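Contents: one structure, followed by commentary.
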Amino acid sequence: MSANYILRRLFWAIPTLIGVAILVFVLVRVVPGDPIAMMLPPGATAEDVGRLRALYGLDAPIPKQFVAWMGDVLRGNFGTSISLREGVVRLVMSRLPATLELVIVAVAVACAFAALAAVGAVYFRGRWPELVVDGLSGLVLAIPDFLWGLLFVLVLGVLLPVLPISGRIDPTLDFNPATGFYLAEALLRLRWDAFADLMKHILLPALALALPLAAALTRVLKGSLIDAMNQDYVTLVRVKGYSRARILWRVALRNALIPTVTLTGVQFSFLIGGTVLIEYIFSYPGIGNLAIAAVNQRDLPLIQGLVLTFAVLFILTNLLVDMAYSILNPRVRQS
Amino acid sequence: MSTLLAIRDLDLTLGSKPPVRLLRRVSLQVEPGQIVGLVGESGAGKTMVSRVVLGIAPANARVTHGSVAFAARDITHLSEAQRRPLLGREIAFIPQNPMTALNPVERIGPQITDVLRMHLDLGRTDAQDRALALLREVHLREPQRILRQHPHELSGGMRQRVLIAIAFACKPKLVIADEPTTALDVTVQKQILQLIRELQRNSGTAILFITHDLGVVAKLCDHVVVMHGGRVLESAAAARLFENPTHAYTRALFAATPRFDRPADELKPIPAALTQQLNEEARVLDARDA
Ligand SMILES: Nc1ncnc2c1ncn2[C@@H]1O[C@H](COP(=O)(O)OP(=O)(O)OP(=O)(O)O)[C@@H](O)[C@H]1O
Ligand SMILES: [Mg+2]
């Protein structure tokens with residue numbers, strides 16, 4: 001995949017983002033709920049409300065508001081959060097790393113689970129491990145991520161409290177990260193105590209997000225592996241004297257990843273969407289949790305900024321999936 | 001020297017209720033350095049014979065009678081792990097379709113060096129050098145470049161040369177070639193046959209050559225085995241067989257084969273009555289052996 005192609009993809013993301021911006025801008029103004037009313041103490045006069053409306057530019061007609069907002073956005077100014085009274089960009093940027101770390105850990109966990117389960121099931125084809133993998137993946141697939149989250153909170157937080165079920169890090173820990181990427185920083189600075197604590201906190205939310213993805217990946221990967229095992233190139237390595245394990249890991253898996261990425265690409269985007277509820281359930285300080293707070297407060301500038309951030313994440317995820325596909329498939333890579 | 005490959009009275013049976021007999025008391029021998037042609041119509045069981053030798057018969061097929069011996073060692077019922085040191089090392093394989101036989105996501109280099117490193121314990125650079133030499137031996141130009149290419153960047157003929165290089169890489173005692181030219185253009189077919197002949201002469205490797213093409217057999221083989229319906233009908237030295245075929249089916253097969261000295265309109269299809277008679281015989285044999 002060429003740099004040219006990537007640039008083209010990013011360019012075509014612009015109309016998508018403008019469409020998303022218009023949609024969310026209009027929607028948050030049409031649905032019931034008034035941000036100003038939420039800010040003011042009970043008993044505020046209609047006059048007070050009107051003054052605040054004018055202050056936040058909410059008194060103008062929607063098209064005019066949109067043009068003003070869009071002009072600001074193009075200059076990099078996403079406005080100020082009404083409820084938190086802080087710049088939207090600063091707020092989002094301070095929370096985004098937490099969400100990115102959560103998503104990356106969840107994807108890594110899901111991929112590792114899926115690879116082990118699918119390869120194991122195909123290695124023991126027709127015997128009990130295959131049945132276990134088929135049964136479990138079907139069960140896990142039937143339960144959505146937020147239910148896993150609630151289940152973990154209930155079982156591991158309340159009945160059997162071995163892992164923390166809220167927050168990102170133990171606040172009493174003496175760890176002062178310079179960036180928002182706590183996990184990465186703990187790792188780079190070899191702060192194993194902080195790393196262990198961060199992992200403990202991220203484990204359950206990441207697992208809740210990862211499980212449905214892992215199950216979907218396992219299913220598709222297993223089918224692709226079985227297909228690959230029937231191909232001529234596998235017959236050839238068999239008669240070259242490869243062991244079954246080596247065939248699966250070194251030959252079939254690489255080939256099976258190509259259809260798997262094609263068929264499951266969209267699931268990776270679902271995972272991004274899943275962060276909203278999962279972060280809320282685990283009080284994890286990412287942009288998903290921030291989004292719920294913003295909606296509760298009818299914080300229009302913040303909602304708009306967050307929705308655009310999510311849209312960018314979706315677009316980047318799709319681009320990454322396509323890049324993974326072209327890296328895995330030498331035919332595409334070279335054309 | 002003792003016989004290299006000795007297949008004796010081999011039965012291969014598929015499933016159990018009712019069992020389907022894929023091979024019926026098949027016997028054939030390959031002497032060291034010999035080229036043996038295995039001919040017969042589609043469905044005769046030629047590929048099945050090779051798959052039993054290579055240990056890759058269909059999962060639900062079982063050897064129910066007879067034996068396969070390689071270099072005086074019984075290999076009929078070896079486990080996968082026991083057979084592995086032989087495969088690619090002592091017995092190698094040239095597949096029918098070069099377009100699908102190479103791993104599409106791996107470069108050519110590692111697909112040649114893997115057998116060298118696995119079976120001959122060569123280091124990375126030694127294996128690399130040997131792979132280059134092998135590509136030269138199969139007359140591929142720019143071997144350096146080919147090692148870095150992926151299969152889809154090579155033509156069918158080039159890929160078949162690579163597969164032949166892989167087969168001969170560890171100087172095996174026996175190469176099984178299952179219709180190695182049927183998937184190729186006519187002009188390329190000739191070159192590939194020439195190449196196999198040349199490598200065989202230089203290395204003294206024995207070849208079990210599976211084909212439909214009696215013309216190829218006449219040019220290439222020392223000995224010919226004719227199969228139909230999972231059984232061997234005739235087995236003879238090539239010269240003898242072409243001069244004086246004894247089995248009616250062999251004669252019919254000759255009559256059905258185009259030859260340069262015979263116009264195509266003189267080709268006779270294999271008589272239905274003969275096929276019917278052979279099938280009837282097979283049923284009688286099955287009743288006897290059941
Ligand atoms: N995987 C399989 N499972 C069950 N039966 C099979 C399988 N492959 C082939 N057969 C059957 O085994 C018989 C022999 O097939 P085989 O492939 O050995 O024939 P062949 O002589 O190699 O034919 P061709 O010239 O078409 O390659 C055929 O009747 C075929 O239907
Ligand atoms: Mg065949």
Side-chain angles (χ1 to χ4, degrees), chain A residues 1 115 118-119 121-127 129-130 220-221 224-263 321-335, chain B residues 47 50-51 53-60 79-108 110-120 148-153 159 162-163 166-167 169-170 172 175-176 178 183:
Chain A
M1 186 179 289
V119 169
V122 176
Y123 187 87
F124 294 107
R125 191 92 206 280
R127 285 188 270 164
E130 189 191 12
V220 179
L221 183 60
S224 307
L225 276 173
I226 290 170
D227 281 348
M229 288 303 275
N230 290 323
Q231 299 298 313
D232 281 358
Y233 54 78
V234 164
T235 306
L236 188 82
V237 293
R238 275 176 85 185
V239 300
K240 275 170 153 185
Y242 275 43
S243 69
R244 223 175 129 63
R246 183 171 174 165
I247 293 174
L248 270 167
W249 283 114
R250 302 271 288 270
V251 181
L253 184 60
R254 259 303 301 282
N255 281 284
L257 285 178
I258 297 171
T260 304
V261 167
T262 314
L263 292 172
V321 167
D322 286 355
M323 281 166 77
Y325 175 80
S326 76
I327 286 168
L328 289 168
N329 192 342
R331 280 165 196 274
V332 180
R333 200 189 315 157
Q334 280 141 8
S335 59
Chain B
T47 297
S50 70
R51 287 177 69 172
V53 176
L54 293 164
I56 53 169
N60 51 346
S79 71
E80 215 179 88
Q82 287 168 321
R83 196 182 299 267
R84 229 178 281 139
L86 286 177
L87 297 179
R89 174 74 190 88
E90 309 275 330
I91 307 175
F93 179 66
I94 304 174
Q96 176 168 1
N97 189 353
M99 305 310 278
T100 53
L102 289 163
N103 182 354
V105 301
E106 192 175 33
R107 290 171 202 279
I108 300 296
Q111 301 199 53
I112 304 176
T113 52
D114 56 358
V115 271
L116 298 166
R117 301 189 64 181
M118 210 163 33
H119 293 304
L120 305 183
R148 287 191 310 270
Q149 283 179 310
H150 284 92
H152 73 269
E153 296 171 81
R159 289 190 220 184
V162 169
L163 287 158
I166 293 170
C170 298
V175 168
I176 298 178
D178 191 352

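In what follows, chains carry the letters A, B, and so on, assigned in the order in which the sequence lines appear, proteins first and then strands, with residues in each chain numbered from 1. Please read these numbers as outputs of a predicted model, since none were measured by experiment. The figures here come from the full heavy-atom set of this structure, side chains too, leaving out hydrogens, waters and symmetry mates.
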message: Tell me if a side-chain donor or acceptor on His119(B) pairs with a main-chain N or O of Lys240(A) at a distance below 3.5 Å.
response: yes

Interatomic distance, Glu80(B) atom CD to Arg244(A) atom CZ [nearest 0.5 angstrom]: 6.5 Å

Name of the residue among Ile56(B), Leu87(B), Leu54(B) meeting side chain to side chain contact (heavy atoms under 4.5 Å, CB included) with Arg238(A): Ile56(B)

- prompt: So what's closer than 4.5 Å to chain A heavy atoms on Ile166(B): side chain, backbone, both or neither?
  reply: side chain

message: To the nearest 0.5 Å, what is the distance between CG on Asp114(B) and CZ on Arg250(A)?
response: 8.5 Å

- prompt: Side chain, backbone, both or neither: which part of Ser243(A) has an atom under 4.5 Å from a heavy atom of chain B?
  reply: both

Separation of Tyr233(A) OH from Glu106(B) CD (nearest 0.5 Å): 11.5 Å

- prompt: So which part of Gln96(B) gets closer than 4.5 Å to some heavy atom of chain A, the side chain, the backbone, both or neither?
  reply: neither

query: How about Asn103(B) and Val237(A): do any of their side-chain heavy atoms sit closer than 4.5 Å?
result: no

task: Sort Pro104(B) into side chain, backbone, both or neither according to what part of it lies under 4.5 angstrom from a heavy atom of chain A.
output: both

- line: The side chain to side chain contact (heavy atoms under 4.5 Å, CB included) partner of Val105(B) among Leu257(A), Ile258(A), Leu328(A) is Ile258(A)

- prompt: How about Leu236(A) and Leu163(B): do any of their side-chain heavy atoms sit closer than 4.5 Å?
  reply: yes

- request: Under 4.5 Å heavy-atom distance to chain B, tell me which part of Arg246(A) shows up: side chain, backbone, both or neither.
  value: side chain

